[in-house]
**Q** 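Just dropping this structure here.
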Protein chains: 2
Amino acid sequence: MQERPRPSVGHGDDLLFLTDDNLLHGIELMFFAYKGFTSDPDRILQNYTYGRAHHRAVHFINRQPGITVNNLLAILGVTKQSLNRVLRQLVDDGLVDSRVGKVDRRQRNLFLTDEGQVLESELSGAQRLRMREAFKAAGPDAVRGFRSVLENMVDADMRKSIDRLQGKL
Amino acid sequence: MQERPRPSVGHGDDLLFLTDDNLLHGIELMFFAYKGFTSDPDRILQNYTYGRAHHRAVHFINRQPGITVNNLLAILGVTKQSLNRVLRQLVDDGLVDSRVGKVDRRQRNLFLTDEGQVLESELSGAQRLRMREAFKAAGPDAVRGFRSVLENMVDADMRKSIDRLQGKL
DNA sequence: CATTTTATGTCAGCATTGTTGACATTACAA
DNA sequence: TTGTAATGTCAACAATGCTGACATAAAATG
């Protein structure tokens, strides 16, 4: 696993970690890890009439209570028609509360009801458990690296949404 | 179940990197990074009549030329009906060649045709580019951490498939 | 105040990709 | 010969994307 230094273009940087094989490995890891990452919530959601799209909505409403529909749309990156279908079910089923905005009455501020929070914590509990085990097995240094690589893989136009969210941690 | 941040195996480990905030951050990073990760291929695929499922099939056929349908099914984790729909299109369109197995004539060995390889390299080129930029920006230590965390996030029942693939790197 | 723009909701239709269930064919294995 | 395995296919359905069109209410603007 050690990389022996090799002369490279001028700077003396060792860029052997950028070989196509390593990139391919990373690409496949993203695929397999994402599958693992979503598998627990997917299994839980089968006991409900909900899918992954509902999970995402519930997650980000819990993450930023009172979030507007437009902000949620920006985060999820889907059309309003697609989100609305999911949101309508959650509101009808009493998991999400949609309140008219106080400053701008055109807006709707979204909140989880008590029942919505029950589902949210069941889903996020399973997901956190897997993440915690992976973090623990890999160690704190690895977690920093994990974060760094993933941050750099995000699309530029998502940065604003992400930074706003992470400011709330 | 719930572990408080406290030393574990006598190493005086600091488990503060396992706080719920850090886990939440990791969870959201997976979501946003995966979106970025798939965005370039998705954009390219819009110029074809293909979708993400075709990309996955093409990727793993290229990765392990001659792979059997059953092995591909195990890797992708979908039903044979779902895969077959995609595979049939690719074969009909002349991107994939399906040859009767030589040792076991029940099996079909899958190969990319020249045309299939053109699509594959267009897709993987875009994906490698993004991965390379993320790796480069994060650095080799971070890449090791990225790998370690993701490896630990994979479902146990995928290990065999993964190890077989990575043995070919 | 009149007009325009914004935020949201909704209907209809369609595409992709996943599912289950059933059934057929071929070929290997016991 | 019988059973099982690998593959293909038909049909129906579900989840979740998309586009386009239209409606309403409220804010913003001239």
Side-chain angles (χ1 to χ4, degrees), chain A residues 31 34-35 38-39 41-61 66-93 96-111, chain B residues 31 34-35 38-39 41-61 66-93 96-111:
Chain A
F31 170 69
Y34 196 79
K35 237 158 68 70
T38 55
S39 62
D42 284 352
R43 198 162 25 247
I44 291 170
L45 287 160
Q46 283 189 331
N47 306 329
Y48 299 78
T49 53
Y50 301 136
R52 212 177 275 185
H54 302 83
H55 180 195
R56 292 199 273 256
V58 163
H59 173 96
F60 286 108
I61 293 172
I67 188 175
T68 64
V69 172
N70 256 352
N71 281 341
L72 187 52
L73 280 175
I75 288 175
L76 296 177
V78 297
T79 59
K80 66 172 177 175
Q81 294 93 328
S82 193
L83 174 59
N84 195 259
R85 182 166 37 198
V86 162
L87 222 41
R88 190 167 36 194
Q89 292 176 280
L90 292 171
V91 170
D92 288 350
D93 295 353
V96 166
D97 195 8
S98 172
R99 305 184 203 152
V100 171
K102 285 188 172 169
V103 286
D104 185 334
R105 294 174 44 82
R106 290 172 302 181
Q107 295 183 333
R108 296 294 179 276
N109 296 113
L110 304 171
F111 301 86
Chain B
F31 171 69
Y34 196 79
K35 238 157 68 71
T38 56
S39 62
D42 284 352
R43 202 166 17 251
I44 291 170
L45 286 160
Q46 283 189 330
N47 306 329
Y48 300 78
T49 53
Y50 300 136
R52 212 177 276 186
H54 302 82
H55 180 194
R56 292 199 272 254
V58 163
H59 173 95
F60 287 107
I61 293 171
I67 188 173
T68 65
V69 173
N70 256 352
N71 280 341
L72 188 51
L73 280 175
I75 288 175
L76 296 177
V78 299
T79 60
K80 65 171 178 174
Q81 294 92 330
S82 193
L83 174 59
N84 195 259
R85 183 165 36 199
V86 161
L87 222 40
R88 189 167 34 191
Q89 292 176 280
L90 292 171
V91 170
D92 288 350
D93 295 354
V96 167
D97 195 8
S98 170
R99 306 184 202 153
V100 171
K102 286 190 174 168
V103 286
D104 186 334
R105 292 174 46 81
R106 290 173 301 182
Q107 296 184 333
R108 296 295 178 274
N109 296 113
L110 305 171
F111 301 87

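Worth knowing before you read on, the calculation uses all heavy atoms, side chains too, and leaves out hydrogens, waters and symmetry mates. Just so it is clear: chains get the letters A, B, ... in the order the sequence lines come, proteins before strands, and each one is counted from 1.
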**Q** Please determine if a side-chain N or O atom of B/Arg52 lies less than 4.0 Å away from the OP1 or OP2 oxygen of C/dT16.
**A**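 B/Arg52 to C/dT16 OP1/OP2: no side-chain N or O under 4.0 Å.
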
**Q** Think B/His54 has a side-chain N or O under 4.0 angstrom from the OP1 or OP2 of C/dT16?
**A**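 For C/dT16, OP1/OP2 do not have a side-chain N/O of B/His54 under 4.0 Å.
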
**Q** From CG of B/Asn84 over to P of D/dA11, roughly how many Å is that when rounded to an integer?
**A**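 In whole Å, D/dA11 P lies 14 Å from B/Asn84 CG.
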
**Q** What pair of heavy atoms forms the shortest contact from A/Ala57 to A/Leu90, and how long is it?
**A**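 It is CB-CD1, 4.1 Å.
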
**Q** Expressed in angstrom and rounded to an integer, what is the separation of A/Leu87 atom CG from C/dA7 atom C1'?
**A**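 Those two atoms, CG and C1', are 13 Å apart.
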
**Q** To the nearest angstrom, how far is B/Leu73 atom CG from D/dA5 atom C1'?
**A** 13 Å

**Q** For the pair made of CD in B/Gln46 and P in C/dC14, what is the distance, rounded to whole Å?
**A**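 To the nearest whole Å, that distance equals 20 Å.
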
**Q** Using atom OH of B/Tyr50 as one end and atom P of C/dT16 as the other, report the distance to the nearest whole Å.
**A** 11 Å

**Q** Measure from CZ on A/Arg99 to P on D/dA25 and round the result to the nearest Å.
**A** 22 Å

**Q** One character per nucleotide, please: for nucleotides 19-30 of chain C, 5' to 3', B when the base has a protein heavy atom closer than 4.0 Å, S when only the sugar-phosphate does, - otherwise.
**A** BBBB---BBS--

**Q** Counting side-chain heavy atoms from CB outward, which of C/dG18, D/dT7, D/dG17 is closest to B/Arg108?
**A** D/dT7

**Q** Ignoring hydrogens, what is the shortest heavy-atom contact between A/Lys35 and B/Gly77? Give both atom names and the distance.
**A** NZ-CA, 4.0 Å

**Q** Under 30°, 30 to 60°, or over 60°: which ring-plane class applies to A/Tyr50 and A/His54, parallel, tilted or perpendicular?
**A** tilted

**Q** Which whole-number value in Å describes the distance from A/Leu72 CG to C/dG9 P?
**A** 11 Å

**Q** Can you name the closest pair of heavy atoms from A/Lys102 and A/Asn109 and give their distance?
**A** N-OD1, 4.3 Å

**Q** Closer than 4.0 Å, any side-chain N/O of B/Asn70 to the OP1 or OP2 of D/dA5?
**A**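 No.
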
**Q** Please state how far atom NE2 in A/His55 lies from atom P in D/dA15, giving the value in whole angstrom units.
**A**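 Whole-Å distance recorded here is 17 Å.
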
**Q** Whether B/Arg56 engages the ring of A/Phe31 as a cation-pi pair (distance to the six-membered ring centre under 6.0 angstrom, angle to the ring normal within 45°) should be assessed.
**A** no

**Q** Taking the side chain of B/Val69 as heavy atoms from C-beta outward, which of C/dT8, D/dT16, D/dG8 is closest to it?
**A**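 So the nucleotide nearest the side chain must be D/dG8.
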
**Q** Check whether A/Arg105 reaches the backbone of A/Val103 with its side chain - one donor and one acceptor, N or O, closer than 3.5 Å.
**A**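 Answer holds: no.
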
**Q** Mind listing the closest non-hydrogen atom pair of A/Gly51 and A/Leu45 along with its distance?
**A** O-CD1, 3.4 Å

